[in-house]
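In what follows, chains carry the letters A, B, and so on, assigned in the order in which the sequence lines appear, proteins first and then strands, with residues in each chain numbered from 1.
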2 protein chains.
Amino acid sequence: MLDMRRMQILRAVVSSGSVTAAARHLGYTPSAVSQQMAALEKEAGTPLLERTGRGVRPTDAGLLLADCATTIGRHVAQAETALADLRAGRTGRISVRYFATAGARLVAPALARLRSEHPGVQAELRLTDPDDPLPEVKAGRTDAALVVRRHDAPPVDGIRFVHLLDDRYRAVLPRAHPLAARPALRLTDLAEEPLVGSELPGPCLDAVLDACGSAGFTPDFVVDSGDYATAQGFVAAGVGVALVPEMGLLAPSASDGHPELAVREVHDPEPVRSIWAAVRATAPEGPVLRGFLGALRGVASQAQAGGADPA
Amino acid sequence: MLDMRRMQILRAVVSSGSVTAAARHLGYTPSAVSQQMAALEKEAGTPLLERTGRGVRPTDAGLLLADCATTIGRHVAQAETALADLRAGRTGRISVRYFATAGARLVAPALARLRSEHPGVQAELRLTDPDDPLPEVKAGRTDAALVVRRHDAPPVDGIRFVHLLDDRYRAVLPRAHPLAARPALRLTDLAEEPLVGSELPGPCLDAVLDACGSAGFTPDFVVDSGDYATAQGFVAAGVGVALVPEMGLLAPSASDGHPELAVREVHDPEPVRSIWAAVRATAPEGPVLRGFLGALRGVASQAQAGGADPA
DNA sequence: CCCAGGATGTAGTTCTACTTAAGGCTGGCT
DNA sequence: AGCCAGCCTTAAGTAGAACTACATCCTGGG
């Protein structure tokens with residue numbers, strides 16, 4: 001097997017035309033270069049240099065190997081720059097799993113921000129509903145997943161959770177509903193109302209059920225729609241009232257809402273779902289993943305601020 | 001600088017998915033592989049493998065470097081096969097300098113024979129008249145040169161001479177010439193004849209002059225043509241008689257000669273020019289050059305035999 | 001709860017790569 | 001012709017790299 005190190009030395013010898021010059025150029029003694037050339041000739045099984053009194057001349061085989069060394073050296077240099085690009089975040093790939101309402105309001109702007117900082121990064125997005133993305137994260141099949149999760153949920157082994165925002169639920173009512181006259185509601189105000197369910201069993205629905213439970217009632221779901229948009233359609237049609245997290249609202253701000261819908265804050269208690277980013281605990285955090293998490297946090301804090309005091 | 005050796009080990013680790021398996025595959029202990037990977041990670045400045053309880057998984061950078069290692073390994077393998085081809089004579093290049101009469105009768109058939117044995121060999125032929133090819137050979141600008149040279153000529157430093165054949169001179173006469181009646185001539189028979197010179201000053205002409213000198217006369221050149229074909233034209237036109245080496249004869253055999261020319265052997269003494277191949281003494285004789293010299297010798301001995309007893 | 005399999009440290013050995021020092025060769029100079 | 005300078009090589013010795021053996025730690029499964 002040919003040794004690359006020696007082939008690079010051969011290249012220096014051939015290009016400079018003498019062992020001594022190559023040694024000077026490489027910072028070695030001529031003896032070292034000479035020995036390496038002898039070893040390479042033994043490896044190659046054929047003479048590579050011809051001693052010509054003053055200096056050496058490459059033999060045909062020597063010229064061939066020197067040429068090969070040049071192209072291989074170029075490839076190694078390419079590998080090095082590719083590695084440097086990867087380390088600096090100029091290139092890279094990130095795989096993200098997200099759930100429906102997080103896509104438009106969190107992942108999309110975060111990725112836009114990431115790609116403005118790191119234009120060469122490729123992203124692979126995948127909607128994870130209704131599967132649990134955590135095994136994917138743990139197995140390394142994806143780099144990050146957005147999940148809804150209680151603050152007091154037990155830690156998951158091998159996964160690190162980064163808190164992004166607390167997504168507060170709002171009451172969505174028909175504009176003509178008597179409760180819509182009030183600027184804000186108490187959760188118990190909805191105890192007797194027919195509710196339009198918008199969530200499948202899972203942490204989101206749990207957040208609602210927990211809040212209602214601590215308010216002392218069990219919500220009366222008259223319809224179960226699988227998603228927030230459909231639920232709000234039911235509300236507009238007068239079927240009932242819905243509890244929808246801010247990120248799921250059709251009209252993000254309460255002021256310029258849907259013509260037939262009213263959105264009101266809910267308190268005592270305010271149902272909240274916590275949104276987290278889940279990353280593998282053992283993952284070496286490269287610039288790309290770090291940048292993406294930072295972008296997510298930035299987008300989330302803006303969203304929280306914008307939602308907290310509606311303009 | 002990335003170390004190729006370690007990158008190949010990384011490739012084995014990535015492809016087998018575990019340090020231990022790679023070690024088994026490479027004939028090392030797991031510890032050795034682990035240490036090399038740690039060293040490579042330090043070189044790369046970034047983690048390349050992620051420890052996942054059971055086994056290791058390559059990180060993005062690790063995958064990148066492993067891919068690069070694969071392509072580089074392929075290039076090294078290509079270099080090795082190219083070298084093997086060169087060593088086996090399947091490829092190669094040979095540069096030959098020759099003089100006019102040697103071209104058709106020696107070099108061409110020898111090269112044909114060489115290329116039938118080594119089809120991939122490229123040849124670079126160059127007519128060397130009237131320059132001296134020996135400096136070219138000595139400087140390595142050409143691999144072999146055909147030269148005419150006396151047997152007792154002094155050795156030339158750094159050049160090895162391989163004897164190919166002794167090219168005997170024949171008398172070329174008009175068919176009607178009185179001497180043409182004899183089956184063979186003595187050199188002194190030509191002492192009084194008008195001679196057509198066919199050679200420029202040099203070793204060929206020297207051979208003729210030497211023979212005539214030892215026969216006791218100085219040839220009387222009435223015309224000086226530069227080449228054998230022209231000289232024989234002069235003879236056919238009746239201008240005189242010519243001494244032409246066998247390889248320079250228009251009709252190689254005496255029996256089926258030119259309609260107006262007679263070719264007769266000359267003895268006492270018979271002028272002879274010796275044809276040699278000159279190669280660099282320090283040149284490592286590869287299969288191509290060795291094959292070419294062998295082919296030359298083979299062709300020459302056939303020519304000598306064919307000329308010695310004309311069928 | 002222990003065990004098998006894997007990865008990684010540590011100490012020691014072997015091998016490689018380099019240096020220093022000396023020798024041999026070539027080519028040019030005087 | 002003879003000396004000298006430059007270059008390549010060999011020999012011996014040394015520093016460092018690479019590998020092994022052994023011990024330890026961790027993980028996943030019975």
Side-chain angles (χ1 to χ4, degrees), chain A residues 1-10 12-43 47-59 62 135 138-140 155-159 280-284, chain B residues 1-10 12-43 47-59 62 135 138-140 155-159 280-284:
Chain A
M1 181 68 176
L2 293 172
D3 181 29
M4 269 315 301
R5 175 174 191 66
R6 286 168 176 153
M7 284 182 64
Q8 298 303 327
I9 298 179
L10 170 67
V13 171
V14 170
S15 67
S16 45
S18 102
V19 172
T20 305
R24 246 194 316 269
H25 191 259
L26 295 170
Y28 293 153
T29 58
S31 175
V33 174
S34 177
Q35 290 176 52
Q36 293 305 311
M37 290 303 93
L40 187 60
E41 286 183 338
K42 208 165 60 180
E43 281 181 1
L48 302 174
L49 297 173
E50 189 184 331
R51 285 72 190 168
T52 102
R54 197 79 96 188
V56 292
R57 83 166 25 254
T59 201
K138 187 142 187 259
V156 176
D157 197 73
I159 293 195
R280 203 154 74 265
T282 59
Chain B
M1 180 67 177
L2 293 173
D3 181 27
M4 270 315 301
R5 175 175 189 65
R6 287 167 175 158
M7 283 181 64
Q8 300 302 328
I9 299 180
L10 171 67
V13 171
V14 170
S15 67
S16 41
S18 99
V19 171
T20 305
R24 247 194 315 269
H25 191 258
L26 295 170
Y28 292 152
T29 57
S31 178
V33 174
S34 178
Q35 290 175 55
Q36 293 306 310
M37 290 303 92
L40 187 60
E41 286 184 337
K42 207 164 65 181
E43 281 181 3
L48 303 174
L49 297 173
E50 187 185 332
R51 285 73 189 167
T52 95
R54 197 80 96 189
V56 293
R57 82 167 24 255
T59 204
K138 186 144 189 255
V156 177
D157 197 74
I159 291 193
R280 203 154 74 265
T282 59

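Between the CZ atom of B/Arg51 and the P atom of D/dT24 there is a distance of 21 Å, rounded to whole Å. If you take CG of B/Asp3 and C1' of D/dG16, they are 14 Å apart, rounded to a whole angstrom. Atom CZ in A/Arg57 sits about 14 Å away from atom P in D/dC8, given to the nearest Å. With rounding to whole Å, A/Leu49 atom CG is found 16 Å from D/dC7 atom P. A straight line from CD of B/Gln36 to C1' of C/dT8 spans 14 Å, rounded to a whole angstrom. The CE-P distance, from A/Met4 to C/dT16, rounds to 19 Å in whole Å. Between the CD atom of B/Glu43 and the C1' atom of D/dA17 there is a distance of 12 Å, given to the nearest Å. Rounded to whole Å, atom C1' of C/dA17 lies 19 Å from atom CE of A/Met7.
Note that CG of A/Leu48 and CE of A/Met7 are 9.5 Å apart. Values are rounded to the nearest 0.5 Å. In this structure, CG on A/Leu40 lies 12.5 Å from CZ on A/Arg5, to the nearest 0.5 angstrom. A distance of 10.0 Å separates CD in B/Gln8 from CE in A/Met4, rounded to the nearest 0.5 Å.
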Distances for protein N/O vs nucleotides 19-21 of chain C N/O pairs under 3.5 angstrom?
unit_1, atom_1, unit_2, atom_2, d
C/dT19, OP2, A/Thr29, N, 2.9
C/dT19, OP2, A/Thr29, OG1, 2.8
C/dT19, O4, A/Gln35, NE2, 2.9
C/dT20, O4, A/Ser31, OG, 3.1

For nucleotides 24-30 of chain C, tabulate all protein N/O to nucleotide N/O atom pairs closer than 3.5 Å, reporting atom names and distance.
none

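Contact between B/Ser18 and B/Ala21 at its shortest, heavy atoms only, is OG-N, 2.9 Å. Closest of all the heavy-atom pairs between A/Val19 and A/Pro30 is CG1-O, 3.6 Å. When all heavy atoms of B/Pro284 and A/Thr59 are compared, the pair lying nearest together is CG-OG1, 3.6 Å. Nearest heavy atoms, B/Met37 versus B/Arg6: CE-O, 3.6 Å. The nearest pair of heavy atoms linking A/Arg280 to A/Lys138 is CD-O, 3.2 Å.
End-to-end axis angle of the helix from C/dC1-D/dG30 to C/dT30-D/dA1, using five pairs per end and rounding to 10°, comes to 10°.
Between B/Arg5 and D/dC19 there is a side-chain N or O to OP1 or OP2 distance below 4.0 Å.
With sequence neighbours excluded, no residue forms a salt bridge (Lys or Arg N to Asp or Glu O under 4.0 Å) with A/Arg57.
Side chain of A/Gln36 to main chain of A/Ile9: no donor-acceptor pair is present (N/O by atom type, distance under 3.5 Å, no hydrogens or angles). A/Ser16 places a side-chain N or O within donor-acceptor distance of the main-chain N or O of A/Ala12, the cut-off being under 3.5 Å.
Taking every heavy atom of residues 13-24 of chain A and every atom of DNA chain D, pairs under 4.0 Å involve A/Ser18, A/Val19, A/Thr20, by number.
Sorted by first and then second residue, the salt bridge (Lys or Arg N to Asp or Glu O under 4.0 Å) pairs involving residues 23-42 of chain A (not counting sequence neighbours) are A/Glu41-A/Arg51.
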Open item on the list: Determine whether A/Thr282 and B/Thr52 satisfy the following criterion, side chain to side chain contact (heavy atoms under 4.5 Å, CB included), listing intermediate values before the conclusion.
Closed with: CA-CA 8 Å; A/Thr282 59; B/Thr52 95; over 6 Å; no

